[in-house]
Amino acid sequence: MGRGRVQLKRIENKINRQVTFSKRRSGLLKKAHEISVLCDAEVALLVFSNKGKLSEYSTDSCMERILERYERYSYTERQLAAEEIEQNGNWTLEHAKLKVRMEVLQKNQRHFMGEDLENLSLRELQNLEQQLDSALKHIRSRKNQLMFESISELQKKDKALQEQNNILAKKVKEKEKTLVQQAQWEQQNNCQDPSSMLLPQPIQSLNISGTYETRSSGREEEGDPAQHHATNALLPPWLIRHLE
């Protein structure tokens, strides 16, 4: 059977206690040396017996430097622990303040909504009424301001549309005037067509001598008097009177 688990307790026998101390101390110093060599660690070991005898071990015999380093490290740890405790305390206090403030705001919100008014006194109700009136004044002022801005913007748009409408109307009138002038010009050109004008046509008549004589349909100047007299000399007097 294997060795049972040894119960750790103070050895009552002084001789056995001294022997055990010597053995365990040697083994402890040996382990300290091994860990410093194997792991390249700085090790400092202090052992005091029950009679006050000191046994120590330090890496490269630099016990003071290791102890000083330990003191600095221990002081830093204590400072960090103290700051952490203080910070936790501050956060706790800040959390409590914010919680109280949130409760007050929620309570005021319920009051503004007309809820939980039973426990309020007359003075508190009057203060609440004044706050609501002031809030309504600010709301109405902001609403009127937005309405005026909207009206002003609509008036600007209306003015711009009227100006655009006037410009378009002017262009339409100019276009109509141009079309009327063009129609009049085309009508005048149609009336002045040369094919519609009638020129007087010459009329041919047969004279006594068997030849044709051309006469104009309009009023023309008469021919040579000598020629007319010669023609009359060839005709008998009765025919002349008949022709006249």
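Note that these values count all heavy atoms, side chains included, but never hydrogens, waters or copies made by symmetry.
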Less than 4.5 Å apart, side chain to side chain, heavy atoms only: is that true for [X] and [Y]?
{"X": "Tyr57", "Y": "Ser36", "result": "yes"}
{"X": "Ile11", "Y": "Phe21", "result": "no"}
{"X": "Gln145", "Y": "Arg142", "result": "yes"}

Looking only at atom types and distance, does a side-chain atom of Ser141 sit under 3.5 Å from a main-chain N or O of Lys137, one as donor and one as acceptor?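 Absent.
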Sub-3.5 Å donor-acceptor pair from the side chain of Thr178 to the main-chain atoms of Glu174, do we have one?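 Present.
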- Query: Near Leu28 CG, under 6.0 Å, is it more than 12 heavy atoms from other residues, nucleotides or ligands?
  - Reply: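 More than 12 heavy atoms, drawn from other residues, nucleotides or ligands, come within 6.0 Å of this atom.
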Heavy-atom count around Leu105 CG within 6.0 Å, excluding the residue itself: above 12?
->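 Counting other residues, nucleotides and ligands, CG of Leu105 exceeds 12 neighbours.
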Only counting residues at least two apart or in another chain, list the ones meeting side chain to side chain donor-acceptor pair (under 3.5 Å) with [X].
{"X": "Asp40", "result": "none"}
{"X": "Glu42", "result": "Arg65, Arg69"}
{"X": "Gln106", "result": "none"}

Quick one: which residue pairs count as a salt bridge (charged side-chain N to carboxylate O under 4.0 Å, His left out) with a foot in residues 116-130, not counting sequence neighbours?
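Listed by first then second residue: Arg110-Asp116.
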- Task: Could you list all the salt bridge (charged side-chain N to carboxylate O under 4.0 Å, His left out) pairs where at least one residue sits in residues 8-29, not counting sequence neighbours?
- Result: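 Qualifying pairs, neighbours excluded: Arg10-Glu12.
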Of Glu64, Glu71, Arg72, the residue whose pairing with Glu68 passes side chain to side chain contact (heavy atoms under 4.5 Å, CB included) =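 Checked Glu64, Glu71, Arg72 against Glu68; only one passes side chain to side chain contact (heavy atoms under 4.5 Å, CB included): Arg72.
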List for me each residue that meets salt bridge (Lys or Arg N to Asp or Glu O under 4.0 Å) alongside Glu149, sequence neighbours excluded, and say none if there are none.
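For Glu149 there are no salt bridge (Lys or Arg N to Asp or Glu O under 4.0 Å) partners, ignoring immediate neighbours.
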Point to revise | Those residues that, when tested against Arg101, pass salt bridge (Lys or Arg N to Asp or Glu O under 4.0 Å) (two or more places apart) | key: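 Partners of Arg101 by the salt bridge (Lys or Arg N to Asp or Glu O under 4.0 Å) criterion come out as none, since no residue qualifies.
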For [X], which residues count as a side chain to side chain contact (heavy atoms under 4.5 Å, CB included) partner, sequence neighbours excluded?
{"X": "Gln131", "result": "Phe112, Leu128"}
{"X": "Val37", "result": "His33"}
{"X": "Asn119", "result": "none"}

Rounded at 0.5 Å granularity, tell me how far [atom1] in [X] sits from [atom2] in [Y].
{"X": "Ser26", "Y": "Lys31", "atom1": "OG", "atom2": "NZ", "answer": "13.0 Å"}
{"X": "Asn144", "Y": "Ile139", "atom1": "CG", "atom2": "CD1", "answer": "12.0 Å"}
{"X": "Thr20", "Y": "Ile15", "atom1": "OG1", "atom2": "CD1", "answer": "11.5 Å"}
{"X": "Gln18", "Y": "Ser49", "atom1": "CD", "atom2": "OG", "answer": "7.0 Å"}

Shared hydrophobic cluster, Leu125 / Met113 (ILVMFWY, side-chain heavy atoms < 4.5 Å):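 They do not share one cluster, since no chain of ILVMFWY contacts under 4.5 Å joins Leu125 to Met113.
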- Can Met63 be reached from Phe48 by stepping across I, L, V, M, F, W or Y side chains whose heavy atoms are under 4.5 Å apart?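 Yes, same cluster.
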- Taking every non-hydrogen atom, the tightest pair across Val43 and Ile35: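 Where Val43 meets Ile35 most closely, the heavy atoms are CG2-CG2, 3.8 Å.
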Heavy-atom closest contact (Leu45 atom, Ala32 atom, distance):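 The pair with the smallest heavy-atom distance is CD2-CB, 4.2 Å.
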* Asked: Run the side-chain contact (heavy atoms from CB on, under 4.5 Å) check on His111 and Leu117 step by step: do they pass?
  -> CA-CA 6 Å; His111 290 166; Leu117 301 178; 4.2 Å; yes
- Passes side-chain contact (heavy atoms from CB on, under 4.5 Å), Ser152 versus Lys156? Steps please. CA-CA 6 Å; Ser152 177; Lys156 290 180 180 179; 4.0 Å; yes
Before accepting this row, confirm whether a basic side-chain N of the pair Lys107/Glu103 lies closer than 4.0 Å to the acidic partner's carboxylate O.
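Glu103 and Lys107: not salt-bridged.
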Item to complete: Check the pair Lys173, Lys177 against side-chain contact (heavy atoms from CB on, under 4.5 Å), reporting the backbone distance first and the verdict last.
Response: CA-CA 6 Å; Lys173 289 182 179 179; Lys177 186 177 179 181; over 6 Å; no
Apply side-chain contact (heavy atoms from CB on, under 4.5 Å) to the pair Leu46 and Leu54, showing each step before the final yes or no. CA-CA 7 Å; Leu46 296 174; Leu54 174 62; 4.1 Å; yes
Listed pairs under 3.5 Å, donor-acceptor, residues 159-171 side chains, sequence neighbours left out:
| residue | atom | partner | partner atom | Å |
| --- | --- | --- | --- | --- |
| Gln162 | NE2 | Asp158 | OD2 | 3.2 |
| Asn166 | ND2 | Gln162 | O | 3.2 |

